Amino acid sequence: MHEYSLAIGLMDSVLTAAEENNASVVNHINVKVGKAAHVNPTQLEFCLKSIADGTIAENAQYSFEAVDPEIKCDCGYAGKPDETDDGLDILEYIISLKCPLCGKNAEMAGGTELSVESIDID
């Protein structure tokens, strides 16, 4: 489960920020998860809670903000990829990285992030 190794990095960031701000408790952690990041928020939350056990974040609440994928193309298109007419689902479409305007190869511009957006501490 790769969510565990990702959770370690996220929790390290949370605890470092809390320590730098002289916090005694972490109340809430808000995490941004890109839909194309291949991360399961439920599994990630389980891992974060396991890692937080025995720390000032052990009773923290979690929220996860889903970030839609975005692409950009040399033709000037920047935005969300569309599903294609040939039956591909959205993740298959993103993997192909085709521009919905011109059909040329595009590149990912968002939707792969995984980051702590904010924490609430006391």
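Bear in mind that the values here come from a model prediction, so they are computed numbers and not experimental data.
- Side-chain atoms of Thr55 come within 3.5 Å of backbone atoms of Ala52 as a donor-acceptor pair (strictly under, hydrogens ignored).
- The nearest pair of heavy atoms linking Ala60 to His28 is CB-N, 4.4 Å.
- Put simply, CG on Leu10 and CG on Leu114 are 4.5 Å apart, with the number rounded to the nearest 0.5 Å.
- Rounded to the nearest 0.5 angstrom, Ile121 CD1 and Glu19 CD are separated by 11.5 Å.
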Exercise. Does the pair Val14 and Val26 meet the rule for a side-chain contact (heavy atoms from CB on, under 4.5 Å), with working shown?
Worked result: CA-CA 8 Å; Val14 166; Val26 177; 4.1 Å; yes
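- Contact of the Val33 side chain with the Asn40 side chain is not registered, since no non-hydrogen atoms from C-beta on lie closer than 4.5 Å.
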Problem set entry | Criterion side-chain contact (heavy atoms from CB on, under 4.5 Å) on Ile71 and Glu107, from CA distance to verdict | CA-CA 5 Å; Ile71 60 171; Glu107 61 183 64; over 6 Å; no
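- Pairs passing the side chain to side chain donor-acceptor pair (under 3.5 Å) check and including a residue from residues 112-121, sequence neighbours excluded, read Asn27-Asp120.
- In this structure the side chain of Phe64 reaches within 4.5 angstrom of the side chain of Glu45, judged on heavy atoms.
- Summarising the geometry of Tyr62 relative to Ala57, their closest heavy-atom pair is OH-O, 4.3 Å, with the distance given to 0.1 Å.
- No side-chain donor from either of Asp122 and Ser24 sits under 3.5 Å from a side-chain acceptor of the other.
- Interatomic distance, Met11 CE to Ile51 CD1, rounded to the nearest 0.5 Å: 6.5 Å.
- In this structure, CD on Glu3 lies 11.5 Å from NE2 on His38, to the nearest 0.5 angstrom.
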